[in-house]
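Sequence lines set the chain letters: A, B, ... in the order given, protein chains first and strands last, and positions in each chain run from 1.
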Amino acid sequence: MKKQEMIELLTGVRSSKQNYYTELKTTVEELKKRNSQLELMNEVMRSFNMNMSVQEMLEKTLKRLGDIYPIKRVSLALFDGKELRLSYVSPEEALYLKKGTPFPHKNSLYYEVFATGQERIYQKGDTCEFLEKEAFQQLSLQSVFLFPLTSRGKIIGVLSLGGCSPFSYDANDQAFLLHLAGQIAVCVENARLYEEVFAGKQQWEETFRAVSDAILIISPNGTVLSKNDAAVSAWPLEDFEDIRPFIQEASRSANNPFEETVKSHKPHYAELRFQNKFYDCSCYPLFGEEAALHAVILYSKDVTEKRQMEAQLLHSGQLAAIGEMAAGVAHELNNPLTAIIGNTQLLLRRNKINEQIKPLLDDIDLCGKRCRTIIRSLLAFSRQEEFAFKPCSLNQAVTEALSLTRRQIEKQNIQLDIRLADSLPLINGNLQQLSQIAVNLLINAKDALEEVTDRKRKLIIETAADQQSAFLKVIDNGSGIDAAIANEIFHPFFTTKAASSGTGLGLPVSFGIAKSHGGRLFAESIQPHRTIFTLSIPLLNERL
Amino acid sequence: MYKFVMPEIIFGSGSMKHTGESCTRLGAKRVLIVTDEGVTQAGWSDLVETSCREAGLASFLFSNVSINPKDKEVESCARAYLDYECDALVGVGGGSAIDTAKAAAVLATNGGHIRDYEGVDRISSPLPPLVMVPTTAGSGSEVSQFSVILDTDRQKKMTIVSKSLVPDIAVVDPDALSTKSSYLTASTGLDVITHAIESFVSVAATPLTDVHAKNALALSSRYLRPSVASKYNKEAKEQMAMASLHAGLAFSNAILGAVHAMAHAIGGRYPFLHGDINAVLLPHVMEFNLLASPDKFKEIASLMGEDVQSLSPSAAGEKAISFVKKLSIDIGAPLTLSEMGFEEAFIPEISETALADACMITNPRDITAEEVASLLRKAL
Ligand SMILES: Nc1ncnc2c1ncn2[C@@H]1O[C@H](COP(=O)(O)OP(=O)(O)O)[C@@H](O)[C@H]1O
Ligand SMILES: [Fe+2]
Ligand SMILES: [Mg+2]
């Protein structure tokens, strides 16, 4: 053989002078490839400047990789502290195992790479037996490169690059792919850290928002840096509006906790009153760099209801004492008063009555009757527990009260608006007493409207219910209740009216009745010209 | 089916001045001129450098080449090429300088050791542009796909054969021959005749190579004597230059035979002139090969100017052999190996090496180691 072959080689038709064009072409191709590799690296690096998601980064990587190598699928398995799990796959449909599937510690190529830190190359026809083989076959991957992902000296997962055709690679390719795996590891780690920080921030923000008390972070110059939802309704501020005047107004009666904190760099507490509401307000200093005061945290809790309850409790105590005393006094006064009124009337019925004396007798009679009314009220007040309770409706109470007062109200030119709820749930109570409350509230509203001339006089009476209680509201646009006396109106004998018309007993009696029904009665006066009295009585099935 | 390869050739008196321009045409900017001391002293490398300068090229000189170029020289030449950041090579000189330039070109773009490329077709990357300026009429390397380099470790001449070794441009200027000694003219002239005869009878000869072999033979038979006789015989020099060129084209494509196989083997051992060894061996090998192609030998005799019309092919062949012998005597070439200093003891080793030489493959008559040895003994 040899001789002929050698001759052919020597004079060779089969060989040619090597050509620079061909050489150039391969060089250019090599350069293009390097270029694409660089671009790919760049892409991966860029992804963590832009906080691109890992999935997005993988997709971009795959697209670029596909230009250089016959790679069709990229996947990432990450170690979650316990297991190595399939975490990301691109394209997303190239799945065999479900995302999140943990790789077993035995017979798994992925786990082997993770555990040993050695890259592994699978080519079709690989005789080794391992778990992922079936997946590779199902996905028709002919060759798969597995690289460990190392971040700060720790293996955090495995990168897998799969191709549908067998692909040859040299030391350069391998070095590049290793480098790529390194970059991806950095990127994944980065994304994880970012997510952690982000989740932390979000959790904090949600907590901040979920607190139902107002929290504001205010810079020392009064600009609100951030606030939670509760703060939005409590402090009606425009964006960037200076909050200091509001705090100043709210702390009229106390010291200004915000200014104190700004001055002393120490927490301060005060009770604030703002728009008829009470707030327990604490200010805490927030320090920035070099212990400079960066901002003040203002925490304010709406304690209006608590204060009202406290006031009511206080009144109840006073009432009980006064009630006992009043009952005794009333009892004692009842007999002499009966004599006074009886005798006065006897005198008045005589025909020959001195014209000069008659007005005096009339006055005695009127005052006597008035005293009797007060005494009856007092007795009624002290005998409350003796009234019988039956299922009844607040609507009925209103109707009865209206039948007594309607004429007086309309005579005063008041626009009466009656809004009774349909099918109002029943309550357990004494109808007579409840309608007495309604009468008291209606008369008070009518009185409050007496002086009003500059606007249409309006009175609304409405009933409503929620899951727990039935409500009766009497609303008027009359004089309103001055904040200074808001605490006083439920005290017995407190009145702002002329001695002839006011007794100061309407509200305390009503309050007592409400209490004996397990309910509440309170007033809100919203300036200007809107006073609301609300009676709430627990529903029948709600009462113990 | 056959193939014929050759470079661009510029031939003629004064053509050497076009070397620089030739390099420019190949896109060169910085050329390495590879030459030897003798050529430099004769002023030829200066001439080439000037032409390069005039063509706007940067040029660098590497003149550390000896007769029978060695692997070490090739390596330092390649290093010089890379260090100077050259982009073309110019060989100026005899076979040694040109073979060194070619081998250095291989290392420059293919890397590794020159030993890696010994044999046929081992070069994978293209070589830088090569422009060759022969100053002897002999080796034919300026047009051939051969480079013969001495492996100093193994004391062996390595024959490297590749189409990539065919230079891009050969600048053949007969004027260069005017500085050659008569001794060197004789030695290289006999190399030309050996190239012509061996390629003509080669088993790989083709009509294309035959044309060149015949021309080479006819010209050298006629002009070698006058060329040896006088440095100033311009016509003889020009014709010998042409003869050498033809012979180079012929053997580059038809390859050689036993003379060269043995000459390479001896050359690895002794620093003899390549042409001298050929001169001694040629008649003995012709006698041995006569049997293989008597008709071709008859043609050889006729090309030498012998009247052989009435003779049988083998008788005519004998005439050719005696022509060669007489020519050697006339021009004062050595007639035996012994007189050159060859020692008989090396015959077995040399025979083995010769048998493995690439040139042996195309020898027209099959040959054994014993036959090689007996030929060497005859030549003693
Ligand atoms: N709707 C109302 N608008 C304004 N002030 C009211 C209203 N209802 C009650 N008040 C205030 O509460 C005080 C106490 O009321 P009350 O106990 O009924 O006694 P009286 O009506 O006899 O004054 C009133 O004098 C009045 O100042
Ligand atoms: Fe030769
Ligand atoms: Mg009243």
Side-chain angles (χ1 to χ4, degrees), chain A residues 1-41 65 67-71 119 121 123 142-143 145 163 165-180, chain B residues 1-7 26-27 87-88 102 105-106 109-110 117 119-130 144-146 159-168 199 202-206 208-209 250-257 355-364 366-367:
Chain A
M1 75 108 209
K2 254 194 152 182
K3 185 162 171 144
Q4 198 48 45
E5 257 178 37
M6 280 302 282
I7 291 170
E8 247 175 51
L9 265 179
L10 278 168
T11 59
V13 181
R14 281 179 290 167
S15 65
S16 280
K17 187 168 174 171
Q18 296 293 329
N19 189 307
Y20 253 104
Y21 176 68
T22 342
E23 177 81 357
L24 192 70
K25 251 182 13 193
T26 34
T27 311
V28 167
E29 254 153 45
E30 190 61 31
L31 279 176
K32 271 192 194 156
K33 185 168 154 185
R34 292 271 166 273
N35 226 24
S36 308
Q37 289 179 342
L38 278 177
E39 274 176 31
L40 172 58
M41 270 318 168
L65 260 184
D67 293 344
I68 319 173
Y69 301 107
I71 288 174
E119 64 256 33
I121 292 145
Q123 299 273 20
Q142 300 251 7
S143 45
F145 281 57
S165 52
F167 100 77
S168 60
Y169 59 95
D170 57 23
N172 279 339
D173 297 323
Q174 193 158 358
F176 164 72
L177 293 173
L178 263 176
H179 187 188
L180 179 69
Chain B
M1 187 164 62
Y2 46 83
K3 184 179 249 195
F4 190 90
V5 288
M6 63 185 284
L26 295 173
D87 52 14
K102 286 159 83 169
V106 173
T109 53
N110 288 260
Y117 305 97
V120 183
D121 226 7
R122 309 282 296 275
I123 298 169
S124 55
S125 293
L127 308 192
L130 295 174
S144 81
Q145 53 163 331
F146 287 71
T159 306
I160 305 163
V161 189
S162 165
K163 303 269 181 316
S164 294
L165 284 172
V166 176
D168 296 287
S199 59
S202 159
V203 296
T206 71
L208 277 175
T209 61
F251 89 76
S252 174
N253 292 283
I255 324 299
L256 296 156
L355 204 66
D357 193 280
C359 292
M360 202 58 109
I361 294 158
T362 49
N363 194 62
D366 296 347
I367 195 165

Listing needed: what donor-acceptor pairs below 3.5 Å join chain A with chain B?
residue: A/K3; atom: NZ; partner: B/I361; partner atom: O; Å: 3.3
residue: A/K3; atom: NZ; partner: B/D366; partner atom: OD1; Å: 3.4
residue: A/L10; atom: O; partner: B/Q145; partner atom: NE2; Å: 3.1
residue: A/G12; atom: O; partner: B/K163; partner atom: NZ; Å: 3.4
residue: A/S15; atom: O; partner: B/K3; partner atom: NZ; Å: 2.4
residue: A/S15; atom: OG; partner: B/K163; partner atom: NZ; Å: 3.0
residue: A/S16; atom: OG; partner: B/K3; partner atom: NZ; Å: 3.0
residue: A/K17; atom: NZ; partner: B/V166; partner atom: O; Å: 2.7
residue: A/K17; atom: NZ; partner: B/D168; partner atom: OD1; Å: 3.1
residue: A/Q18; atom: N; partner: B/S164; partner atom: OG; Å: 2.9

Can you tell which of A/D67, A/N172, A/D173 makes a side-chain hydrogen bond (donor to acceptor under 3.5 Å, both in side chains) with A/K33? A/D173

Side-chain heavy atoms of A/Q142 within contact of A/Q123, under 4.5 Å: no

Would you mind reporting whether B/V166 and B/M6 have side-chain heavy atoms less than 4.5 Å apart? no

Residue B/I361 versus chain A: region with a heavy atom under 4.5 Å: both

At a heavy-atom separation under 4.5 Å, does B/L127 approach chain A through its side chain, its backbone, both, or neither? backbone

Cut-off 4.5 Å, heavy atoms of chain A, and the answer for B/V5 is neither

Hey, what do you get for CZ (A/F145) to CG (A/L177), rounding to the nearest 0.5 Å? 6.5 Å

Do A/L180 and A/L65 touch side chain to side chain, with heavy atoms closer than 4.5 Å? yes

Please give me the minimum heavy-atom distance between B/A105 and B/P128, naming the atom from each residue. O-CD, 3.6 Å

Nearest-0.5 Å distance that lies between atom OG in A/S143 and atom OH in A/Y69: 12.5 Å

